[in-house]
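Heads up: the structure comes next, in structure tokens.
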Amino acid sequence: MHGTLTDICIYMINKLFIIAVLFSCSSCKQNTQSGVSGEVKKISVPSFNPDSAYQYTANQVAFGPRVPNTEAHRQCGRYLAGELKRFGATVVEQEAILYTYNNIALNAKNIIGSFQPENKDRILLAAHWDSRPFADHDANPANHRTPIDGANDGAGACGILLEIARQLSVQQLATGIDILFFDAEDWGAPESDGLGGWCLGSEYWAQHPHVRNYKARYGILLDMASAKDAVFYKEIYSLYYAGNIVKKVWDAAQAGGYGSYFVDRQGGSIMDDHIAVNKYLKIPCIDIIQYDPDTDTGFGHYWHTLNDNMDAVSKETQKAVGQTLLHVLFNEK
Ligand code: AHN
Ligand code: ZN
């Protein structure tokens, strides 16, 4: 095929073009992909800003514990919906009265921000926005009925997703994105009262999605994804329902230099908001959730204690998770 001077020149020009593309952007991370025709396609992954994510986290915590039926909860709900709108999403506030394990009626609200709502091809990103009404794992039993800040367990994951929403207001994707803030995840029964009562908002949404016949390629749930030195093990239900998505996300983390956060180990099986999405809607959905092998529960030491405050949140972890999500989304075809 080669041999003539013209052939060699074209070959050289092609090579120089590829080299030029590879080195053309220093401020953003770029990958290249060769299409079937041999042309080089640029993929630029935006840079996740952890200062923004941290600020969105702090703003939620500043309302006070976001326990359903409280003023802080109502105010934070308004804040989250307002931010999604500010970033150009179409917002649905899905209200429902949901009953706790001990039969308290909660005025719950799932908040859904949709980018390109008309696009049938979608990806779902989710986190719970409520915080736990009782610090039942606090070292001091006097705190066992005190509501928690839920800086990690709630606000941090929503902060990461708000920063993703901001990025989507700057740079559109080919895929439609739904950012779903589930309510009433964390009113599960304290161990002394028996089990159950978790994930009420996601159970409701998965059985009454905000649009008829809702479908997405896949879903990614974040929960406790912001703590200092957090490590993410591969959660067992996620592997069972959506092993290929676990692989996609863990590979993206590796490629972005965040392999020390996303380790190639199996974690626990966690009852969380991804279960209803898999079970009722059959949308393969994973849970990115911190696993701590050094605690009895497998959750971080701050879990369901009064120490789950802003001091437990790390910008580095938020960057690792947020950048990995952007890497996944912006490499989708
Ligand atoms: C259980 O403890 C059964 N699930 C944990 C779900 C959870 C609580 N995520 C955050 N807080
Ligand atoms: Zn919790």
Side-chain angles (χ1 to χ4, degrees), residues 57 60-61 64-68 70 72-73 76 98 100-102 106 108 110 125-138 143-161 180-206 219-227 230-233 235-238 240-241 267-279 285-293 295-310 312-313 317 321:
T57 307
Q60 294 167 72
V61 171
R66 281 83 59 221
V67 173
T70 67
H73 180 265
C76 187
L98 303 175
T100 66
Y101 68 93
N102 52 350
L106 302 180
N110 294 320
L125 306 174
H128 76 89
W129 71 274
D130 61 308
S131 58
R132 185 156 177 79
F134 6 82
D136 50 321
H137 279 261
D138 201 275
N143 296 330
H144 283 193
R145 293 279 150 181
T146 308
I148 65 169
D149 276 353
N152 260 300
D153 189 357
C158 296
I160 293 171
L161 294 187
L180 219 161
F181 294 136
F182 288 125
D183 201 357
E185 188 274 346
D186 228 346
W187 204 306
E191 273 140 44
S192 56
D193 292 12
L195 291 171
W198 307 94
C199 303
L200 302 176
S202 57
E203 280 278 328
Y204 182 83
W205 176 79
I220 300 176
L221 171 70
L222 304 182
D223 192 9
M224 296 183 274
S226 298
V231 177
F232 306 108
Y233 285 45
E235 188 274 326
I236 290 175
Y237 291 117
S238 307
Y240 172 75
Y241 284 116
S269 34
I270 314 293
M271 201 33 89
D272 210 343
D273 290 323
H274 62 320
I275 301 295
V277 178
N278 281 296
K279 202 167 94 180
C285 185
I286 70 163
D287 191 8
I288 300 178
I289 182 163
Q290 179 183 1
Y291 182 80
D292 186 341
T295 63
D296 292 345
T297 59
F299 299 119
H301 52 86
Y302 58 82
W303 186 66
H304 294 179
T305 77
L306 295 188
N307 296 329
D308 187 5
N309 55 31
M310 282 310 289
V313 175
T317 304
V321 173

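Here the structure is a predicted model, which is why all the values come from computation and not from measurement. First listed ligand is number 1; within each ligand, the first listed atom is number 1.
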Should the ring pair Tyr233 and Tyr291 be called parallel, tilted or perpendicular, given that the plane angle runs from 0 to 90° and is split at 30 and 60? tilted
Quick check: of its N, O or S atoms, which one does Asp186 have closest to the Zn ion (ligand 2)? OD2
Ranked by distance from atom 9 (N) of ligand 1, the top protein heavy atom is Asp223 OD2, 2.7 Å
Using only atom types and a distance under 3.5 Å, with no angle test, would you say the side chain of Asn278 pairs donor to acceptor with the backbone of Cys285? yes
Between Met224 and Tyr302, what is the shortest heavy-atom contact and its length? CB-OH, 3.6 Å
Could you tell me whether any N, O or S atom belonging to Asp223 is less than 2.8 Å from the Zn ion (ligand 2)? no
Of Asp186, Asp138, Thr297, the one forming a side chain to side chain donor-acceptor pair (under 3.5 Å) with His304 is Asp186
Do any of the N/O/S atoms of Asp153, backbone or side chain, fall under 2.8 Å from the Zn ion (ligand 2)? yes
Can you give me the closest heavy-atom contact between Ile148 and Pro65, atom names plus distance? O-CB, 3.3 Å
Within the 4.0 Å heavy-atom shell around Met271, which atoms of ligand 1 are there? 3 (C), 4 (N), 5 (C), 6 (C)
Distance to 0.1 Å, residue and atom name: give those for the protein heavy atom nearest to atom 7 (C) of ligand 1. Glu185 OE2, 2.9 Å
For ligand 1, which atoms have a heavy atom of Met224 less than 4.0 angstrom away? 9 (N), 10 (C)
If we ignore angles and hydrogens, is there a donor and acceptor under 3.5 Å between the side chains of Asp130 and His128? yes
Considering only the protein, which heavy-atom contact is closest to atom 1 (C) of ligand 1, and what is its distance? Trp198 CE2, 4.0 Å
Shortest non-hydrogen separation from Gly196 to Tyr101 and the atoms involved: O-CB, 4.2 Å
Show, in sequence, the C-alpha distance, side-chain angles and deciding distance for Asp183 and His73, and conclude whether the side chain to side chain donor-acceptor pair (under 3.5 Å) test is met. CA-CA 10 Å; Asp183 201 357; His73 180 265; 2.9 Å; yes
Please identify which atoms of ligand 1 are closer than 4.0 Å to at least one heavy atom of His304. 8 (C), 11 (N)
Suppose we measure from atom 10 (C) of ligand 1 to each protein heavy atom; which comes out shortest, and what is that distance? Asp153 OD1, 3.0 Å
Quick check: Asp186 and ligand 1, any N/O pair under 3.5 Å apart? yes
